[in-house]
Each structure stands twice: as structure tokens, then as C-alpha cells.
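Both counts, for ligands and for their atoms, begin at 1 and track the order of listing.
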Amino acid sequence: MKNRKTTDLILAKIKEYDKIVISRHLRPDGDALGSSKGLAAALRASFPEKRIMLASEDASENLAFLGPDDGQPDDAFYSGTLLICLDCGNPERLSNKKYALAKEIIKIDHHPNIRPYGDIMWVEPERSSVCEMIADFCMRYKSEIVTTGEAAYFLYTGLVTDSGRFKYSVNGDTMRVAGFLLDKGINTELLFAHLNLDDFSWLKYKSFVYRNMKITPNGAAHIRITCKTREKFALTSEQASETVYMMESIKGCLIWLAFIDYEDGSTRVRLRSRFVQTNRIAEKYGGGGHEYASGATLRGSKQINSFLADCDALLYEYKSTHEGWI
Ligand SMILES: [Mn+2]
């Protein structure tokens, strides 16, 4: 069992504090939402005498079916609290500007630990999701932590979304905790209906993307979504960000990326890949993320073109030196 001493310490801290605040990264995805809601539900069931708040300053429209959060507690609540930060590589990205008010901070994350923060860190970049880590935590200490059906539903949501429906970074541990969660009784039919069904208008946007996307000579699939396009299809920034996933299943395109323009003149690039690791390109432009899923903020067409050229050059190098890619 990896990092047992760290998780022992985390459990001891949870027991020690009367007030616990749980936070996650801004613009939350299924993992950020699932892990924060799942941990909050499990801790409330386990320690009903403690005051546990899920403090968040934003939410997700697509994942609204998971229900509302607790909002942001006032400053006074933070005195003498333990803050647990989930799925968030650096404190600036927390959906909680009051994080520094907490007495102690625990970082639990599966992004590379480039920006260490907090008093205790439990970081395992090889994990499919933070939900997998929280579920593992619940499983390790199952005599003390009560994993309710609701908590299991939240955690399973992040497990399936961050792993791309059990496609990425999956190993035996992932499936063992998936089994542990399923044993709590999860309505997977309802969950996958929530996750998979689309409005017809979304399919029309998808067809726009397939008609307008381009592929570089060495196989980087890409599209730029302008503010005008976002307006035309009434896309939220969350929906615009999802554009990248539409290009993930093209043979020979080992890299796919979406450039999303914002009103302030910046362009957020979301970079994804298979076989070839691409986070170093995002890092070169001041961004970062996982080996196969990263992003950066760019300015102007010149920077966008050079980002794209870097991706194409990497693909040229990779394809001419490797076999077995599809
Ligand atoms: Mn995650």
C-alpha cells in the first residue's frame, strides 16, 4: 500500500479538527466535483459532530446533476480549520480565495507535483483521478470512514470521467476501488445517461467542428474556436473547452488540440495526445498538466501557430522513431 504513512497522518488530522473545509480547482470537472463532494459526504457520515464545508466559488453546468455545493463560508469559520485541497496543482487555481485563512492545509492531487503547497501532501501522478485516491482512502480506513451510497456515486463519477470511461491511467488499483464503490450500490444507468446524452443543438455544434477542423502534415488535429463561433452556438466556456474531445478518435492523429478564444484577447489551448507525451509543449508556453492532457494560455495568432508547429515537429520526431502507434 503506497504512502500509507501519509494517509495515516491525513486521517489523524481529519480526526483532530472540529472544522474541515474541502476545496477543489476552478472550472471544476467530474474529478474535482466528485472528489470534493464524495469526501464531504463520507466525512459527514463518519464524523457527524464535525462541521464540514465544501467551499467553492464556481460550479459546472454540465455536471449540475450532482447537486449544489455549500458556497463560501465567512472568514470567521476559517479560524482553526483544516483545509483539504483536491485535484488542484497550485493554490492560485483553487476555487477558494480564502485558502490562506485555514490553520493547516492538505494537498491531495494526481497532477505532477510541480508546485508543492500545504502542510501535508499526498500526490500520486500515476493515479487515474483524485476520486480514485479518495475512494482508496475510504477503502483503507473502512472501519472508520463511512462510504455512503451518495459518496460512492460522487466518487465513481470522477473515476469514470477522469479516466475517460476507464480508458486512461487505469490499473488494478483503479478497478479495485471501482469495485469497492459499486458494492455501495451506484445507479450506473442513470449516471451514464447524465454523462452521455446530448442536446440536439450540441450535435449541430459537433458537425460544425468536424467540418472546420484541420490536420497538420504529421497528424495534429486542431481547431480554433473564435468568440464569434462561441456566440453563434451560444457556448459556455465549459462547452467550448469540450471541443477538444471531439478530435480524439482520428486514426493517425496522435495529438489533438482546441484553441479557445476569450474576450480579453487570450486563447486557451487544450492539448491531448496518445502514445506521445505532450505536456512539455504546454510547459514551454507557461502552462502544464498531465503527460497526455495539458493546456496553456496563449496570446495572438503568432503564438498559436508556433504552438501548432511545435506539436507537428514533435509528431514528426515521434513517428519517425517509434512503431506501434495508431
Ligand atoms: Mn483530476
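Between T243 and Y205, the side chains place a donor N or O and an acceptor N or O closer than 3.5 Å (distance only, hydrogens not considered).
The Mn ion (ligand 1) sits nearest to atom OD2 when only the N, O or S atoms of D162 are considered. Distances from the Mn ion (ligand 1) to the N/O/S atoms of D87 are shortest for OD1. The atom name of the N/O/S atom in H110 closest to the Mn ion (ligand 1) is NE2. Nearest to the Mn ion (ligand 1), among the N, O or S atoms that D31 has, is OD2.
Distances from the Mn ion (ligand 1) show that H111 has no N/O/S atom below 2.8 Å. When distances to the Mn ion (ligand 1) are checked against a cut-off of 2.8 Å, D109 contributes no N, O or S atom below that limit. Within the 2.8 Å limit, D29 places no N, O or S atom next to the Mn ion (ligand 1).
None of D87, N96, D31 except one satisfies the side chain to side chain donor-acceptor pair (under 3.5 Å) rule with H25; the exception is D87.
The distance between the ring centers of Y318 and F275 does not fall below 6.0 angstrom. The aromatic ring centres of Y292 and Y168 sit 6.0 Å or more apart.
The line from NZ of K98 to CG of L83 is 12.5 Å long, rounded to the nearest 0.5 Å.
A donor-acceptor pair is defined here as one N or O able to donate and one able to accept, closer than 3.5 Å; such a pair exists between the side chain of E57 and the backbone of K97.
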